[in-house]
Amino acid sequence: MASPLRIGVLALQGAFAEHIHALGALREAEGLGDIVEVRTSAGLAAVDALIIPGGESTSMALIAERRGLLDDLREFARTKPTWGTCAGLILLAARAVHTKQGGQRLLEVLPVTVSRNQFGRQVDSFTVTLDSPCLGPGAAPFEYVFIRAPAIVSVDDPEVEPLVRLPAGVGQTEASESGLLVAVRYRNLLGTSFHPELTSDTRWHRYFVHMARAALA
Ligand SMILES: NC(=O)CC[C@H](N)C(=O)O
């Protein structure tokens, strides 16, 4: 039997404890191995898959850079299963718009452009319940939580698979027939604008576990 999957959560800043909690809830059913807080290059080298949580992408990148972890994170995300949620999605992206003056460091592994804080400030946070066929045939709707979230405003590689789109109009400044993209998959990468770790619904975590397992098989 294959050894149990070891999933790490980047624990420099942000909502890492919530992801660890969500993975913990799946541990037995999914036969997960250690669920690890990753803070160093050695810690990263010891996991099979990684979640980069929500938080503040500029701070997270700065801390990672100071710890000499940024290049290792980039290398990891190039080939190993990696999921970025919210700020984590920004870090994975090839390009970000509406960044702070002077720009910000990104891992540049996911060929999309994200717009930071697309939906406004903290007070404009919102939830929306959407059908999510990517979670399985006949899957019940999922409650999506958005907190100063980015949106994916352009997809720059045909291999990027759109997974979830908001209804047209939500968070958009320009009239457009299709809504903003808030979840994509690309090879070994999953990027989501929302925070599934803030709900008790673990289906997105399960999606990532299955994706990671398939990628590593
Ligand atoms: N909840 C979040 O992760 C917000 C992300 C934040 N707006 C950023 O740019 O990093």
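Each ligand, and each atom within it, is numbered from 1 in the order the structure gives.
- The side-chain tip of Arg203 does not point at the ring of Phe208 from less than 6.0 angstrom away and within 45° of straight on.
- Contacts between Ile90 and ligand 1 below 4.0 angstrom, taking non-hydrogen atoms only, involve the side chain exclusively.
- Look at Asp156 and Arg95 and you find a salt bridge, because one of the NZ, NE, NH1 or NH2 atoms lies within 4.0 Å of a carboxylate O, short of that distance.
- For ligand 1 and Glu56, the ligand atoms under 4.0 Å from any heavy atom of the residue are 8 (C), 9 (O), 10 (O).
- By the 4.0 Å N-to-carboxylate-O rule, Glu56 lies close enough to Arg116 to be salt-bridged with it.
- Using a 4.0 Å cut-off between charged nitrogen and carboxylate oxygen, Asp48 and Arg6 count as a salt-bridge pair.
- Scanning the protein for heavy atoms near atom 7 (N) of ligand 1, the closest one is Asn117 OD1, 2.6 Å.
- With a heavy-atom cut-off of 4.0 Å, His195 touches ligand 1 through its side chain alone.
- Of the candidates Cys86, Pro150, Gly55, Gly55 brings a heavy atom nearest to atom 6 (C) of ligand 1.
- When ring centroids are compared, Trp83 and Tyr207 stay outside the 6.0 Å threshold.
- By the 3.5 Å distance cut-off applied to N or O atoms, Arg148 is counted among the residues near ligand 1.
- Residue His98 qualifies as open at atom NE2: its count of foreign heavy atoms under 6.0 Å is 12 or below.
- Considering backbone and side-chain N/O of Gly54, none are found under 3.5 Å from N/O of ligand 1.
- Below 3.5 Å of separation, one finds no N or O of Ala149 facing any N or O of ligand 1.
- Residue-level proximity to ligand 1 for Arg116 is carried by the side chain, the only part with a heavy atom below 4.0 angstrom.
- More than 12 heavy atoms of other residues, nucleotides or ligands sit less than 6.0 Å from atom CD of Glu159.
- In terms of protein heavy atoms, atom 10 (O) of ligand 1 is closest to Ser57 N, 2.5 Å.
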